[in-house]
Amino acid sequence: MKYSALKGVHDILPPDIYIWQKAESTAKEIFSAYGFQEIRVPIIESTDIFVRSIGETTDIVEKEMYTFPDRADRSITLRPEGTAPVVRSYIENHLYNLPSPQKFFYSGPMFRYERPQKGRFRQFYQIGVEAFGAAEPKLDAEIISMLKLFLERLRIKELKFEVNSIGCEKCRPDYKKALVSFFSAKVADLCPDCNRRYINNPLRILDCKSSACTELRKGSPKITDYLCKDCQSHFEEFLSLLNILHITYNVNPSMVRGLDYYTRTTFEITSEHLGSQKTVVAGGRYDRLVEEFGGPATPAIGFAIGMERLVEIIKNVNPEFCILSPKVFIAAIGSKASTEGLLIAEKLRSKGMQAELGYDNVSLKSQLRRADKLGSNYVFIIGDDELQSGMIKWKNLKDGSQGEIGIRDAAEFREL
RNA sequence: GUGAGUGUAGCUCAAUGGUCAGAGCAUUGGACUGUGGCUCCAAGGGCUGGGGGUUCGAGUCCCCUCACUCACCCCA
């Protein structure tokens with residue numbers, strides 16, 4: 001094979017593409033109902049946009065970005081996530097002057113230079129939403145509810161909703177201190193990675209899967225015990241609204257996000273159908289980011305759906321998901337009949353009916369065989385007899401019934 | 001970046017170091033002159049991922065390399 005796709009990227013082909021289209025159109029429909037409008041932002045941005053928002057010491061920025069100099073030697077990065085570009089656009093276009101909250105959704109490819117595995121790719125697709133200008137927990141709950149509806153519409157069940165609050169710039173430092181002092185006596189026994197985390201991001205120790213660290217963090221302080229008064233009541237109201245909305249969730253105090261910009265509410269939706277990369281949706285509040293980017297102080301919240309993972313789940317739970325539209329197949333014998341068939345097909349198509357032609361002047365048998373394989377519902381048969389009589393034959397491939405219809409009326413054909 | 005596993009036909013997989021590398025599915029054609037699905041028959045399709053080595057002889061053993069997969073890590 002001379003050429004192949006790059007590592008970690010992939011083609012999306014039929015029949016999978018129908019699942020993608022269904023997921024995308026469903027997202028658009030549901031998100032619109034909640035007042036989210038589509039926004040399209042560039043795939044390339046200045047590198048510093050991502051460094052500033054995601055955080056200099058995160059893995060994404062340190063070793064996973066596709067960063068390169070352009071011809072004028074500016075540092076450009078292929079977006080590794082969607083929030084930063086949307087925030088940049090929100091500020092640059094002064095969207096904060098529009099009535100709050102402003103709600104957007106986006107969809108498109110993201111790029112991270114990672115080692116591929118199940119559910120993880122170098123070019124992957126996300127559909128995400130970002131809502132600016134409302135701090136109330138009502139918005140947080142609404143967004144979770146929207147996700148629930150979206151997933152139900154795709155007939156996906158048995159997902160786990162996990163929520164947490166990671167506090168704000170007032171209370172998180174206290175928690176960090178408590179955590180550091182808790183682990184100070186145990187640093188030596190933590191895994192090498194966690195030794196590094198102990199210095200630059202102690203919260204991540206909670207996330208570590210190594211058995212030693214899992215053991216060592218038993219009894220560690222919980223973020224939820226350290227929340228300041230405001231964060232505490234925000235979180236409590238959020239949870240009570242989830243109850244009112246009949247959303248089943250699990251509070252997971254050790255769920256920390258890998259991007260630095262998150263504050264307060266964080267959440268994740270996971271599935272057992274995904275191997276070790278089981279997060280299909282993740283998001284949270286980022287109440288400080290707009291201001292840090294040079295905009296007015298604006299609370300915000302968002303999430304992103306991993307499309308490959310979503311499609312993987314759909315394929316697992318609902319393999320029959322995509323329904324083929326009815327098709328008419330026109331089998332013609334002889335060149336005159338073939339021309340007639342072409343004209344009928346064109347008329348059907350102009351009315352929006354999917355019509356397929358037999359090619360290559362092959363036997364009727366193989367044309368029918370092909371019609372069957374395409375999943376056609378009906379076949380029109382045109383040959384010398386039909387041209388003479390002016391009546392063409394139709395056959396229903398699903399139940400085998402047959403009949404005749406005038407050549408002129410064939411274009412008016414509706415499911416009989 | 002680290003580790004493990006796997007590379008043979010379009011796909012899923014066989015083949016003790018020993019004829020010409022096989023099967024099922026798929027594709028195409030035929031049995032059936034103008035009626036699909038079922039059945040039967042046949043055909044096409046392979047530099048056994050690539051390179052080197054051991055051997056009288058390598059798909060098989062050894063080394064290198066590339067690719068894929070899964071896991072660690074990280075994340076959606």
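Here is how names work: the chains are called A, B, and so on, in the same order as the sequence lines, proteins then strands, and each is numbered from 1. A quick note: this is a predicted structure, and the numbers were derived from the prediction, not measured.
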Exercise. Pick from A:T67, A:V61, A:I60: which one makes a side-chain contact (heavy atoms from CB on, under 4.5 Å) with A:E64?
Worked result: A:I60
Problem set entry | Interatomic distance where CZ belongs to A:R370 and P belongs to B:G29 [whole Å] | 11 Å
For this session: Measure from CE on A:M255 to P on B:A76 and round the result to the nearest Å.
Result: 11 Å
Exercise. Does A:K336 come within less than 4.0 Å of A:E340, counting only side-chain N to carboxylate O?
Worked result: no
For this session: Compare the minimum distances between each of B:G34, B:G36, B:A76 and the side chain of A:A282, then state the nucleotide with the smallest one.
Result: B:A76
Exercise. Can the positive tip of A:R122 be found less than 6.0 Å from the middle of the six-membered ring of A:Y113, inside 45° of the ring normal?
Worked result: yes
For this session: Tell me what A:R112 touches on the nucleic acid: a base, only sugar-phosphate, or nothing, going by heavy atoms under 4.0 Å.
Result: base
For this session: Have a look at A:E64 and say if it touches a base, only the backbone sugar-phosphate, or nothing, with a 4.0 Å heavy-atom cut-off.
Result: sugar-phosphate
Exercise. Heavy atoms under 4.0 Å, any strand shown: does A:I305 hit a base, just sugar-phosphate, or nothing?
Worked result: nothing
Exercise. Which of these, A:V281, A:V317, A:I313, sits in a side-chain contact (heavy atoms from CB on, under 4.5 Å) with A:L159?
Worked result: A:I313
Exercise. Mind checking the C1' distance from B:G59 to B:C47? Whole angstroms is fine.
Worked result: 13 Å
Exercise. Contact class for A:K7 vs. all strands (heavy atom < 4.0 Å): base, sugar-phosphate, or nothing?
Worked result: sugar-phosphate
For this session: Take the protein atom CD of A:E404 and the nucleotide atom C1' of B:U35, then report the distance between them rounded to whole Å.
Result: 14 Å
Exercise. B:A26 P sits how many Å from A:D372 CG, rounded?
Worked result: 12 Å
Problem set entry | Under 3.5 Å donor-acceptor, A:R217 side chain and A:I205 backbone | yes
Problem set entry | Sugar-phosphate only, base, or nothing, as touched by A:F121 at under 4.0 Å among non-hydrogen atoms | base
Exercise. Using the P atom in both, what is the distance from B:C75 to B:G3, to the nearest Å?
Worked result: 22 Å
Exercise. Any donor-acceptor pair under 3.5 Å between the side chain of A:R120 and the base of B:C73?
Worked result: yes
Problem set entry | Pairwise C1' distance, B:G44 and B:C25 [rounded to whole Å] | 16 Å
For this session: With heavy atoms under 4.0 Å as the rule, sort A:V281 into base, sugar-phosphate or nothing.
Result: sugar-phosphate
For this session: Check every strand shown and say whether A:R309 touches a base, only sugar-phosphate, or nothing at a heavy-atom separation below 4.0 Å.
Result: base
For this session: Write down the distance separating the P atoms in B:U69 and B:C32, rounded off to the nearest Å.
Result: 48 Å
Problem set entry | Side chain A:S376, main chain A:A371, donor-acceptor under 3.5 Å | yes
Seminar exercise, completed: Which of B:G30, B:A76, B:G36 is nearest the side chain of A:F124? It is B:A76
Problem set entry | Separation of B:G37 C1' from A:N377 CG (nearest whole Å) | 14 Å
For this session: Under 4.0 Å between any heavy atoms, over every strand shown, what does A:A371 touch: base, sugar-phosphate, or nothing? Just pick one.
Result: nothing
Exercise. If you look at every strand shown and take non-hydrogen atoms under 4.0 Å, does A:K118 touch a base, only sugar-phosphate, or nothing?
Worked result: sugar-phosphate
For this session: For the side chain of A:K373, starting at C-beta, report the closest nucleotide among B:U27, B:C75, B:U35.
Result: B:U27
Exercise. So which nucleotide does B:C38 pair with, by the Watson-Crick or G-U wobble rule with both distances under 3.5 Å?
Worked result: none
Problem set entry | Check: A:D287 side chain, A:A300 main-chain N or O, donor-acceptor pair, under 3.5 Å | yes
For this session: Among the candidates B:G1, B:C70, B:G34, find the nucleotide nearest to the side-chain atoms of A:R115.
Result: B:G1
For this session: May I ask you to verify if any side-chain N or O of A:S366 is less than 4.0 angstrom from the OP1 or OP2 atom of B:U28?
Result: no
Seminar exercise, completed: Atom CD of A:Q367 and atom P of B:G29 are separated, to the nearest Å, by 10 Å
Seminar exercise, completed: Side-chain atoms of A:Q117 come closest, of B:G36, B:A76, B:A71, to B:A71
Exercise. Taking any strand in view, what nucleotide pairs with B:A15 in a Watson-Crick or G-U wobble way, both distances under 3.5 Å?
Worked result: none
Problem set entry | Complementary nucleotide of B:U69, counting Watson-Crick and G-U pairs under 3.5 Å | B:A4
Problem set entry | Distance between C1' atoms of B:A58 and B:G53 (Å, rounded) | 11 Å
Problem set entry | Partner nucleotide of B:U55 by Watson-Crick or wobble geometry (both distances under 3.5 Å) | none
Exercise. Ignoring hydrogens and angles, are the base of B:U35 and the side chain of A:Q402 linked by a donor-acceptor pair under 3.5 Å?
Worked result: yes
Exercise. Do A:K395 and B:U35 share a donor-acceptor pair, side chain to base, under 3.5 Å?
Worked result: yes
For this session: Scan A:E386 against the nucleic acid and name what it touches under 4.0 Å (heavy atoms): base, sugar-phosphate only, or nothing.
Result: base
Exercise. Donor-acceptor pair, A:R120 side chain versus A:R115 backbone, under 3.5 Å?
Worked result: yes
Problem set entry | Sugar-phosphate, base or nothing in reach of A:G283, heavy atoms under 4.0 Å | nothing
Exercise. Atom CZ of A:R369 to atom C1' of B:G36: distance rounded to whole Å?
Worked result: 8 Å
For this session: Could you give the distance separating B:A26 and B:A43 at their C1' atoms, to the nearest angstrom?
Result: 14 Å
Exercise. For B:G10, what is the paired nucleotide under Watson-Crick or G-U wobble rules, both distances under 3.5 Å?
Worked result: B:C25
For this session: Sticking with atom P, work out how far B:G49 lies from B:A15, rounded to a whole angstrom.
Result: 15 Å
For this session: Measure the acute angle between the ring planes of A:H10 and A:F121, then classify it against the limits of 30° and 60° as parallel, tilted or perpendicular.
Result: tilted
For this session: Considering only atom P, compute the distance from B:A23 to B:A9 and round it to an integer number of Å.
Result: 14 Å
Exercise. Nearest to the side chain of A:I381 - B:G34, B:A76, B:G36?
Worked result: B:G34
Problem set entry | Sugar-phosphate, base or nothing in reach of A:G119, heavy atoms under 4.0 Å | base
Exercise. Taking for each residue the nucleotide of RNA chain B bearing the nearest heavy atom, is the 5' side occupied by A:D399 or by A:R122?
Worked result: A:D399
For this session: Using whole Å, report how far NZ of A:K365 lies from P of B:C40.
Result: 15 Å
